[in-house]
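A quick write-up on the structure given underneath.
Chain letters run A, B, ... following the sequence lines, proteins first, then strands; residues in each count from 1.
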There are 2 protein chains.
Amino acid sequence: MTSAGPRRNDQAGLAAEAAAGGGLSFEGRIRTHYRGLPESERRIADLILEFPGEVAAYSATELAKLSGGSKAAVTRLVRRLGFANFDEARRAARDAQTWGSPLYLLSKKAPSGNFGARIEEQIDQDVRNISLTLEQLQADVFDDIVDAICEARRVFLLGYRNSHYLAGYARGQINQVRGDVYLLPTAGETIAEEIADLTVDDVLIVIGFRRRVAEVPRAMAAAHAAGAKVLYVTDRSAEAAPPATWTIPCAVRGKDLFDRYAAAMSLLHFLCVAIVDRLAAKGRGRLQRIENLHEELHDFD
Amino acid sequence: MTSAGPRRNDQAGLAAEAAAGGGLSFEGRIRTHYRGLPESERRIADLILEFPGEVAAYSATELAKLSGGSKAAVTRLVRRLGFANFDEARRAARDAQTWGSPLYLLSKKAPSGNFGARIEEQIDQDVRNISLTLEQLQADVFDDIVDAICEARRVFLLGYRNSHYLAGYARGQINQVRGDVYLLPTAGETIAEEIADLTVDDVLIVIGFRRRVAEVPRAMAAAHAAGAKVLYVTDRSAEAAPPATWTIPCAVRGKDLFDRYAAAMSLLHFLCVAIVDRLAAKGRGRLQRIENLHEELHDFD
DNA sequence: GATTGTTTGAAACTTGAATTTCAAAAATCT
DNA sequence: AGATTTTTGAAATTCAAGTTTCAAACAATC
């Protein structure tokens, strides 16, 4: 079994390969060896982890330069990961990509039908949405938002249906680095109580994508009226003047039946890491936790 | 023609650009010279036009083989296009990708400059991850997965922490088009009961990204042993032989403290729409609901 | 502090990829 | 058709990328 990708985990025959490191993705191999990696090789491994897939386009010499090490270190790493030589590693990295490779189109031509094309279409749509969403952000507004979330006494995230999961995700991330972050609605409960309780010191982040729910505009209006800052993350077909302090429109439409939330994820991620940076810079928030997160980055389980 | 400027400009207007170091893209150069290209070189050019960007990962020898020509032809083409040598061309191809340029690689040393640059960086990272994730899917395996989910008596989605929200999202989407789709763990409860109850007719979809939880491998092993089909969606540093029927590795790493799940979203979206298509084609699932979804597409609230 | 084992990059070495050469083959022109 | 130019790939050559070696620097152990 050579390729990465969704693979049948056929039990027999794996043992031998696994020992040699075969059948694993580049990253998988790095993972299994990461702990025992010496400084210089680990720096190269880190580089590869940050840019998987890029390996194929870079020479060992370039990787050495970029990681600040020597060519010898690259050779040593590649060997340790179980490849015979750098060239074998490069091939492995390149061939993991089934679609979009010349080899594929030239060899198999017809059999897969248009699966490759469908894939490329999916990618295009998400790329477009992500670009649209992030590129329209304005530095000063975004800064205000991040600042408000960092300084707020309490942060509430509100979302229903699909939006609820996005809100939950964001809540989880923000909660890692500062306290008093709450997800609404809590199971089964109505949100009336919490909304009524909001003050000027609080921030309410509303994730309000399509298939809207009547509660949302009401809650936003109430929160806004109470002086709480309101961030409204929604799709681009949303109304013009919602009762919010800030509105971020997010591209979610595509050709498919369901809306696509990759761009929303991308946006929330960006927001969350911006919050981390800001908190760290201010020396506020859960600094110890942030410290730990940095260390845990290279734990693979 | 001597060392300094091996650029042939037969068109006056291009002189300035080319002299400045070849401001033209790889594709642009091919187009400019295409008509005057001899047979063997044109075949190579065609190959490159189909996969600009991919060129970087291939050697001149491979391009020669793939196009059915000789190495000499590749060298000649590259020269004719105005590059000093194949290596210069390879670099150009690589850097044409907005991501993956040495410039980009080095930019991580400059502590994230202006807002626009940070945005572009975010976009690049997600684009990269999405491409990595989707392009490695294999049509037949993916088909099996979709089919299994459509035909299963019951579908369970399991995920903890961040993965729980992704699982919840997917559950919500799949639940729109077929019944008996369950999210685990249910609030507060342990999963032991449901896992013990799994049969060969069930499918368990495990979302198992980093910061892994001890329950997950246990549950997977139990489910697998009970004969249920198990789809394991995880990051690319996954172990070699998980107890799953299928494993889909998903690119989630980037330069930030938190993992980025845009690619995971993209993958789950693709999976969900594939399920809808399949169900519709089979005339199974909640056909009326699917019908409604189509109509609701243009409702904006 | 001596001993043993690692880790490291510079430099020598090896190998294979890219370039050049060259003569045959194909195309174009007269 | 004959002459001239262009195109072509096999083979020889060149050159750089990747590997190996090795001694110094560093760590760990006794």
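Going from atom CD1 of A:Ile44 over to atom P of C:dT8 covers 9 Å, rounded to whole Å. Nucleotide D:dG9 holds its C1' atom 14 Å from the CD atom of B:Glu39, rounded to whole Å. Rounding to whole angstrom units, NZ of residue A:Lys65 and P of C:dA10 are separated by 11 Å. Between the C1' atom of D:dG18 and the CZ atom of A:Phe83 lies a distance of 16 Å, rounded to the nearest Å. Straight-line distance from the CD atom of A:Glu41 to the P atom of C:dT6: 13 Å, rounded to whole Å. Between B:Leu37 atom CG and D:dT8 atom C1' the separation is 14 Å, expressed in whole Å.
Between the side chain of B:Arg253 and the main chain of A:Leu49, no donor-acceptor pair closer than 3.5 Å is present. A donor-acceptor pair under 3.5 Å is absent between the side-chain atoms of B:Arg42 and the main chain of B:Leu37, judged by distance alone.
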From CA spacing to verdict: salt bridge (Lys or Arg N to Asp or Glu O under 4.0 Å), A:Glu62, B:Arg94: CA-CA 13 Å; A:Glu62 287 171 305; B:Arg94 189 177 67 190; 2.9 Å; yes
Shorter than 3.5 Å, N or O on both sides, protein versus nucleotides 13-19 of chain C: list them out with atom names.
from: C:dA18; atom 1: OP1; to: B:Ala60; atom 2: N; distance (Å): 3.2
from: C:dA18; atom 1: OP2; to: B:Ala60; atom 2: N; distance (Å): 3.2
from: C:dA18; atom 1: OP2; to: B:Thr61; atom 2: N; distance (Å): 3.0
from: C:dA18; atom 1: OP2; to: B:Thr61; atom 2: OG1; distance (Å): 2.8
from: C:dA18; atom 1: N7; to: B:Lys71; atom 2: NZ; distance (Å): 3.0
from: C:dT19; atom 1: OP1; to: B:Phe86; atom 2: N; distance (Å): 2.8
from: C:dT19; atom 1: OP2; to: B:Thr75; atom 2: OG1; distance (Å): 2.7

Got a list of protein N/O to nucleotides 22-28 of chain C N/O distances below 3.5 Å?
none

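Using a cutoff of 4.0 Å between basic side-chain nitrogens and carboxylate oxygens, B:Arg43 and B:Glu39 are scored as salt-bridged. With salt bridges taken as basic N to acidic carboxylate O contacts below 4.0 Å, one links B:Asp87 and B:Arg90.
Taking the six-membered ring for Trp, A:Phe26 and A:Phe83 have ring centres closer than 6.0 Å. Centroid-to-centroid, the aromatic rings of B:Phe270 and B:Phe142 come within less than 6.0 Å.
For residues 122-132 of chain A, the set of pairs meeting the salt bridge (Lys or Arg N to Asp or Glu O under 4.0 Å) definition, not counting sequence neighbours, comprises A:Asp126-A:Arg260.
Between B:Ser70 and D:dT8 there is no side-chain polar atom (N or O) within less than 4.0 angstrom of OP1 or OP2.
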